[in-house]
Amino acid sequence: MNQGLLNTILLSLAFVAMVIGIHKSIYESDIATNYWIFMISLILFMVYRHRKKRNSA
């Protein structure tokens, strides 16, 4: 699979997870119950950054 495409997919999934987390937090008025969604977003973003740094070096 193309590395650039995989990086784009990771970044897109991180963004979508963040938007879903924000939406659910506003709708339910509680961030604590949606903490796991934000952590998935953070993990996806960290994987994206790691892959981008590794590919550019």
Side-chain angles (χ1 to χ4, degrees):
M1 181 180 253
N2 186 359
Q3 298 301 316
L5 178 61
L6 189 57
N7 285 344
T8 302
I9 291 170
L10 283 170
L11 186 59
S12 299
L13 287 174
F15 179 74
V16 166
M18 182 64 67
V19 169
I20 290 171
I22 291 170
H23 177 268
K24 284 183 61 115
S25 295
I26 291 171
Y27 181 71
E28 297 172 359
S29 299
D30 189 19
I31 293 176
T33 58
N34 300 309
Y35 179 75
W36 64 276
I37 299 174
F38 292 110
M39 289 300 103
I40 288 174
S41 176
L42 182 64
I43 289 168
L44 288 170
F45 185 70
M46 288 182 351
V47 169
Y48 164 77
R49 293 274 300 180
H50 176 72
R51 289 178 51 83
K52 190 159 175 101
K53 279 188 177 183
R54 188 181 66 188
N55 288 343
S56 68

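Keep in mind the model is a prediction, meaning the values are calculated, not measured.
Grouping the Ile, Leu, Val, Met, Phe, Trp and Tyr side chains by contacts below 4.5 angstrom, directly or via other members, places Leu5 with Leu44. Hydrophobic clustering (ILVMFWY, side-chain heavy atoms < 4.5 Å, transitive): Tyr35 and Ile43 are in distinct clusters.
Separating the CG atom in Asn34 from the OH atom in Tyr27 is a distance of 12.0 Å, to the nearest 0.5 Å. Atom CZ in Phe45 sits 10.0 Å away from atom NZ in Lys52 (nearest 0.5 Å).
The salt bridge (charged side-chain N to carboxylate O under 4.0 Å, His left out) contacts involving residues 10-39 comprise Lys24-Glu28, where partners must be two or more places apart or lie in separate chains.
Crowding of Ile31 atom CD1: a count of heavy atoms from other residues, nucleotides or ligands under 6.0 Å not exceeding 12.
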Distance-only donor-acceptor pairs under 3.5 Å for side chains of residues 8-20, two or more places apart:
unit_1 : atom_1 : unit_2 : atom_2 : d
Thr8   : OG1    : Gly4   : O      : 2.9
Ser12  : OG     : Thr8   : O      : 2.8

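With sequence neighbours excluded, no residue forms a side-chain hydrogen bond (donor to acceptor under 3.5 Å, both in side chains) with Arg49.
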- Item | Worked verdict on Val47 versus His50 for side-chain contact (heavy atoms from CB on, under 4.5 Å) | CA-CA 5 Å; Val47 169; His50 176 72; 5.7 Å; no
